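If you're wondering where the values come from, they're calculated on a predicted model, not measured in any experiment. Here is how names work: the chains are called A, B, and so on, in the same order as the sequence lines, proteins then strands, and each is numbered from 1.
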There are 2 protein chains.
Amino acid sequence: MERFVSTYAMRLDSKGRMSIPAPFRALIARDGLEHVYCHPALDLPVLQAGGARLMAGIDSLIERYPPYSEAREELAAALYGSIETLRLDPEGRVMLSEGLKTHAQIRDEATLVGVGDSFRIWEPIRFRAHLAEAKAKVRILKQQFGSQGATRDSRADGA
Amino acid sequence: MERFVSTYAMRLDSKGRMSIPAPFRALIARDGLEHVYCHPALDLPVLQAGGARLMAGIDSLIERYPPYSEAREELAAALYGSIETLRLDPEGRVMLSEGLKTHAQIRDEATLVGVGDSFRIWEPIRFRAHLAEAKAKVRILKQQFGSQGATRDSRADGA
DNA sequence: TTGACGCCCATAAATACCCATGGTATCCCA
DNA sequence: TGGGATACCATGGGTATTTATGGGCGTCAA
């Protein structure tokens, strides 16, 4: 397995720990990491997490700008500054900081959703709402494009 | 861990000492250093600090200019001349000089922000304002990239 | 002597590690 | 093919260690 896929419902225990699903852990371990990178999404109440690929994506975004340029400095502050490294304990759990939990409105449950190079951490109810919205948008697109989208996408959106 | 990432809120005690967060200390120690390099930013009320990579970055910045050129001399004076080496005490704390504190308007609280090869030291309120600006710009950048096509980059930069 | 600075120790809170448990899926063998 | 044993996993909690912070004391220099 080389991509983060599937959705998992996880719980946070009384200490605030949350297990990372074993398949996700396997990908992290393949990067030689003992921690998960995690940062709040810019515009949505969700966290983005992952391993080396997530970090590489952020690096490449920053490296589009000349060293010491103002844009680069600000991007670095906004992106690197918001990243937290969540150490995996021997059982494969992490602790979400208060800041991260607040951003995603997470209390004691979380939905982890694989999105390829990384995975997202949602508060379960918000995830359901977001998913419903996303499905609705896909439906509209399908209507607009008609026959074009009527094959694979109809399976992807679970209709 | 190989980069300065994340944001930490630290306090200065009555003696003016400030703890360097353990993850930052680990990076400094990896350079074999027992001190932190620190200098005022040229254009913002913030301090830039770090280890060997910070110094290397400053070197390369200066080396962009022709040897013995006036610009180079001035830059070298402005950068090298303003660098202070802040010794780490046995508990991992440093003392900010009056000059550094004045430049960043720091009194008894500071926000330390990882920006990859180095970290920044902000007065907390000023940091919040700066971050809000930076985020706004990142949003704009994201829109620009987003409109180019929804491929890999739209995942890399985090929803 | 006085103040600035470095070292030492103290402490509370946060964190990391250890072991335990119950459930589930898988495997193996009759 | 069925059923028991097994391995893995998510979760729970106790305990040791680390961390950030505070304060005391000695030393060195002005």
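Evaluation of the salt bridge (Lys or Arg N to Asp or Glu O under 4.0 Å) test over residues 14-29 of chain A, restricted to residues two or more places apart or in two chains, returns A/Asp13-A/Arg17.
A/Asp89 has its CG atom 15 Å from the C1' atom of D/dT17, to the nearest Å. Distance A/Asp108 CG to D/dA10 P: 18 Å, rounded to the nearest Å. Counting to the nearest Å, the P atom of D/dA20 and the CZ atom of B/Phe24 are 11 Å from each other. The distance between atom CD of A/Glu109 and atom C1' of D/dA10, rounded to the nearest whole Å, is 14 Å. Following rounding to the nearest Å, A/Arg25 (CZ) and D/dC8 (P) show an atom-to-atom distance of 12 Å.
Annotation: salt bridge (charged side-chain N to carboxylate O under 4.0 Å, His left out) contacts of A/Glu70 (sequence neighbours excluded): B/Lys137. Among residues two or more places apart in sequence or in another chain, the salt bridge (charged side-chain N to carboxylate O under 4.0 Å, His left out) test is passed with B/Asp89 by B/Arg93.
Annotation for A/Glu91: atom CD counts as buried by contact number, over 12 foreign heavy atoms lying within 6.0 Å.
Residues A/Asp59 and B/Arg3 are paired through a salt bridge, judged by an N-O separation under 4.0 Å between the basic side chain and the carboxylate. A salt bridge links B/Arg139 with A/Asp43: at least one charged nitrogen is closer than 4.0 Å to a carboxylate oxygen.
Side-chain atoms of A/Tyr37 and A/His35 include a donor-acceptor pair closer than 3.5 Å. No side-chain donor from either of B/Ser6 and A/Glu84 sits under 3.5 Å from a side-chain acceptor of the other.
The backbone N or O of B/Gly57 lies less than 3.5 Å from a partner atom in the side chain of A/Tyr68, making a donor-acceptor pair. Judged purely by atom type and a 3.5 angstrom limit, A/His130 has no side-chain atom pairing as donor or acceptor with the backbone of A/Pro45.
Sorted by residue number, the members of residues 10-21 of chain A with any non-hydrogen atom under 4.0 Å from DNA chain C read A/Lys15, A/Arg17.
From one end of the helix from C/dT1-D/dA30 to C/dA30-D/dT1 to the other, with five pairs defining each end axis, the axis direction shifts by 30° (rounded to 10°).
Along DNA chain C, the stretch of nucleotides lying under 4.0 Å from any heavy atom of chain B spans, 5' to 3', C/dC5 to C/dC9.
For the pair A/Arg93 and D/dG12, the criterion of a side-chain N or O lying under 4.0 Å from OP1 or OP2 is not met.
Side-chain contact between A/His39 and A/Tyr80 is absent, with no heavy atoms from C-beta onward closer than 4.5 Å.
Between A/Tyr8 and B/Glu91, the residue anchored nearer the 5' end of DNA chain D, judged by the nucleotide with its closest heavy atom, is A/Tyr8.
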